[in-house]
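One structure below.
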Amino acid sequence: MEANNTKAKEKKVQLEEKLEALAKIYEEKIKALEESSGADKKIDTRVVRDISAKKADDYVEIRLFKDGDKYKDDVLVGINGYMCRIKRGVPVKIKRSFAKVISDSEDSVATVNADFLMKDGKMERYF
């Protein structure tokens, strides 16, 4: 059993090394394309998409606000059928794509709240 775990870990390390090497190659290609001029400046969308997918799978650490009232429950985030439950008030590591969904959600709330204006020290809705 332990031999299988060791082999699995070795294979995972090898795959991660290959992914890092591919990401480095793609980044070099993009840099070369950006530095070139004229007709040579066509960017292969597959390269950009592959790098974006790799970055979306990176883990980032976030901490969601928690209070005893409105913001006390865990947050569920879903992307294309994949769900992630995020505990509030503690630092957690989640995939970058889930963190982006949370960030976009916060931006939408900020946009809605921007519809309110202060008038004579009171909040009034702007229509």
Side-chain angles (χ1 to χ4, degrees):
M1 178 98 170
E2 191 172 314
N4 288 340
N5 286 340
T6 305
K7 287 181 183 179
K9 288 179 183 177
E10 289 175 2
K11 190 167 187 169
K12 183 179 178 183
V13 168
Q14 290 173 350
L15 289 173
E16 288 174 351
E17 289 173 354
K18 287 180 182 179
L19 282 173
E20 288 176 15
L22 285 172
K24 187 174 181 180
I25 290 169
Y26 287 142
E27 288 173 4
E28 289 171 359
K29 284 185 178 183
I30 287 177
K31 188 174 181 181
L33 287 170
E34 288 173 347
E35 291 173 354
S36 66
S37 62
D40 295 336
K41 202 168 182 173
K42 295 179 183 174
I43 295 178
D44 186 356
T45 56
R46 290 175 295 170
V47 172
V48 174
R49 187 176 58 234
D50 291 344
I51 290 175
S52 297
K54 168 102 172 85
K55 287 183 178 179
D57 285 340
D58 289 346
Y59 283 85
V60 294
E61 187 171 308
I62 66 166
R63 183 177 178 269
L64 298 179
F65 175 75
K66 180 178 183 176
D67 65 1
D69 186 30
K70 187 176 178 182
Y71 301 100
K72 63 182 176 187
D73 296 325
D74 295 347
V75 176
L76 273 175
V77 180
I79 301 174
N80 295 332
Y82 293 97
M83 299 299 288
C84 176
R85 178 173 290 182
I86 304 164
K87 189 169 183 72
R88 286 187 175 274
V90 294
V92 293
K93 287 190 177 186
I94 60 172
K95 288 190 176 184
R96 186 180 306 276
S97 54
F98 288 107
K100 178 154 178 27
V101 169
I102 292 170
S103 173
D104 291 347
S105 173
E106 289 172 349
D107 291 346
S108 336
V109 170
T111 302
V112 169
N113 290 339
D115 291 342
F116 288 92
L117 294 177
M118 290 293 288
K119 227 179 213 185
D120 299 327
K122 297 179 183 177
M123 290 290 257
E124 289 191 8
R125 184 148 175 95
Y126 175 74
F127 292 101

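One-based numbering along the sequence shown.
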Establish whether Val90 and Ile102 are linked, either directly or via other cluster members, by ILVMFWY side-chain heavy-atom contacts under 4.5 Å. yes

Please identify which of these residues, Lys87, Arg85, Arg88, meets the side-chain contact (heavy atoms from CB on, under 4.5 Å) condition with Val75. Arg88

side-chain hydrogen bond (donor to acceptor under 3.5 Å, both in side chains) partners of Lys100, counting only residues at least two apart: Asp104

The reported gap from CD1 in Ile86 to CG in Leu64 (rounded to nearest 0.5 angstrom) is 5.5 Å

Correct closest heavy-atom pair for Gly89 and Arg63 would be O-NE, 3.3 Å

When you compare the side chain of Ile94 with that of Val77, does any pair of heavy atoms fall below 4.5 Å? no

Determine whether Tyr71 and Phe98 fall in the same hydrophobic cluster, where Ile, Leu, Val, Met, Phe, Trp and Tyr are linked whenever their side-chain heavy atoms lie under 4.5 Å apart. no

Please find the pair of heavy atoms, one from Asp67 and one from Lys72, that lie closest to each other, and give the distance. O-CB, 3.4 Å

Verify same cluster id: Val60, Tyr82 (apolar side-chain graph, 4.5 Å): yes

Using a 4.5 Å cut-off on heavy atoms from C-beta on, say whether the side chain of Tyr59 contacts that of Arg96. no

Taken to the nearest 0.5 Å, the spacing of Ile25 CD1 from Glu20 CD works out to 12.0 Å

